[in-house]
Amino acid sequence: MEPIVISTWKHGLAANEAAWKVLARGGKSLDAVEEGVKVSEADPNVINVGYGGLPDATGKVTLDASIMGPDGLAGSVVFLEHIKHPISVARLVMEKTEHVMLAGEGALAFALENGFQKEDLLTPRSRERWLRWREDMEGDEDRLGILMESHDTIGMLAMDKKGDLAGACTTSGVAYKVRGRVGDTPIIGAGLFVDNEVGAAAGTGRGELILQICGSFFIVEKMREGASPQAACEAAVHRILKLREKGQIKNPEGPTFQAGFVAVNKKGEYGAASIQKGFPHALCVNGKNDLIESKYFLND
Ligand code: GLY
């Protein structure tokens with residue numbers, strides 16, 4: 001098969017490059033997605049993922065990540081602090097434990113036991129932004145968790161030369177979130193789902209929207225029924241818009257009413273769609289890595 005890697009947002013381009021290196025030398029899709037998203041996790045300029053991620057309302061960086069491979073196994077971590085590469089901890093959860101998900105202190109202890117180093121993930125730049133946000137919020141705590149910045153989680157899907165699919169998703173979550181809030185990213189079936197017989201999907205944007213429709217599982221099931229990856233991603237967006245029509249979405253206006261999806265199927269076809277304009281995806285096929293604006297359904 002011709003390998004392929006697709007990921008979310010502009011920072012997906014650099015992540016794709018690292019993933020492609022693994023795929024081009026005949027490596028496994030699972031290794032490719034881990035190596036790929038680690039680039040975003042390590043980049044302090046990517047303020048929604050890993051090191052440099054914007055903190056929660058109390059100024060603490062808490063990370064969520066999930067990974068899923070062609071054998072149908074999955075691993076994830078939620079509310080993990082101080083570890084720069086939560087995706088690698090998620091992979092260890094998958095490979096070294098009988099569990100799928102570890103949370104908070106337990107996830108941190110597991111990471112430290114397995115050789116990860118404790119680090120301060122709050123960069124001066126992210127701290128500065130958080131302090132500014134806190135100043136703006138003063139006297140208006142009712143808005144906590146509502147005035148959120150954008151959230152450019154990286155979700156990455158890859159197919160290797162053997163035709164095996166894998167995916168990874170990693171985030172610091174919604175900026176200035178209520179402490180303890182967890183989004184779609186570490187939830188298997190919401191932020192990420194892989195079925196090696198059918199296809200794979202990943203989500204990004206406001207996690208609550210994706211959680212409400214089990215977005216990635218929904219897309220993979222659509223593909224199982226015969227939808228193309230593009231049609232399946234669009235169906236997920238329409239499902240969210242339907243909830244909005246029914247009044248079942250909190251805060252359904254403005255720039256934070258945004259979710260985007262990417263998908264690939266077993267034939268190596270791909271798709272991407274979002275609610276609003278402004279969700280690019282990075283696609284690497286034949287070693288050619290391009291940033292492409294995704295189809296959207298509001299504001300056009
Ligand atoms: N999509 C990431 C989050 O909402 O936490």
Side-chain angles (χ1 to χ4, degrees), residues 6-12 15 33 37 40-41 46-58 60-68 76-81 86-87 90 101 103-104 107 121 126 130 144-157 167-193 201-219 233 236-237 239-240 243 249-252 254-263 272-276 278-281 294:
I6 186 167
S7 60
T8 56
W9 304 108
K10 187 171 176 211
H11 55 98
V33 294
V37 301
S40 298
E41 286 183 338
V46 178
I47 57 170
N48 301 102
V49 181
Y51 176 61
L54 291 169
D56 67 15
T58 71
K60 296 194 170 75
V61 179
T62 72
L63 304 176
D64 303 325
S66 64
I67 192 161
M68 196 163 181
S76 81
V77 287
V78 307
F79 197 56
L80 176 63
E81 294 179 85
I87 198 66
M101 183 183 293
L121 302 180
S126 289
W130 167 68
L144 247 189
I146 294 177
L147 275 190
M148 303 176 293
E149 292 202 16
S150 68
H151 23 93
D152 301 353
T153 300
I154 185 158
M156 175 181 279
L157 310 170
C169 209
T170 177
T171 190
S172 51
V174 169
Y176 325 130
K177 60 198 173 186
V178 173
R179 185 153 173 81
R181 178 266 186 194
V182 170
D184 60 308
T185 300
I187 309 299
I188 301 302
L192 177 69
F193 196 69
T204 186
R206 197 203 299 170
E208 285 74 8
L209 303 174
I210 301 167
L211 282 165
Q212 276 183 268
I213 63 157
C214 294
S216 295
F217 182 72
F218 175 86
I219 290 169
C233 288
V237 170
R239 178 60 71 95
I240 294 171
L243 293 186
I249 297 289
K250 292 182 192 169
N251 194 20
T256 65
F257 180 58
Q258 175 67 310
F261 299 97
V262 291
S274 60
I275 297 174
Q276 301 200 44
F279 165 55
H281 60 278
S294 310

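Atoms within a ligand are numbered from 1 in the order they appear, just like the ligands themselves.
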Distance under 4.0 Å to a non-hydrogen atom of [X]: what atoms of ligand 1 satisfy this?
| X | value |
| --- | --- |
| Gly183 | 5 (O) |
| Thr185 | 1 (N), 2 (C) |
| Gly205 | 1 (N), 2 (C), 3 (C), 4 (O) |
| Gly173 | 5 (O) |
| Asp184 | 1 (N), 2 (C), 3 (C), 4 (O) |

Subject >> Between CE on residue Met68 and SG on residue Cys169, distance to nearest 0.5 Å >> reply: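 Interatomic distance, Met68 CE to Cys169 SG, rounded to 0.5 Å: 12.5 Å.
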
Look only at the side chain of [X] and the backbone of [Y], and say whether a donor-acceptor pair between them is shorter than 3.5 Å.
| X | Y | result |
| --- | --- | --- |
| Gln258 | Ser274 | no |
| Trp130 | Ala57 | yes |
| Glu41 | Val49 | no |

Please say whether [X] places an N or O atom under 3.5 Å from an N or O atom belonging to ligand 1.
| X | value |
| --- | --- |
| Thr171 | no |
| Ile210 | no |
| Glu208 | no |

Original post:
Can you tell me if Arg181 has a non-hydrogen atom under 4.0 Å from ligand 1?
Top reply: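 Contact check Arg181 vs ligand 1: positive.
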
**OP:** Evaluate the side-chain contact (heavy atoms from CB on, under 4.5 Å) criterion for residues Val262 and Leu157: first the C-alpha distance (whole Å), next the side-chain angles of each, then the deciding distance (0.1 Å), finally the verdict.
**Re:** CA-CA 8 Å; Val262 291; Leu157 310 170; 3.9 Å; yes

Original post:
Looking at side-chain heavy atoms only, is the closest gap between Ile188 and Phe193 below 4.5 Å?
Top reply: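 They are in contact (side-chain heavy atoms under 4.5 Å apart), so the answer is yes.
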
Original post:
Is the closest basic N to carboxylate O distance between Glu208 and Lys177 below 4.0 Å?
Top reply: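 A salt bridge is absent here (no side-chain N lies under 4.0 Å from a carboxylate O).
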
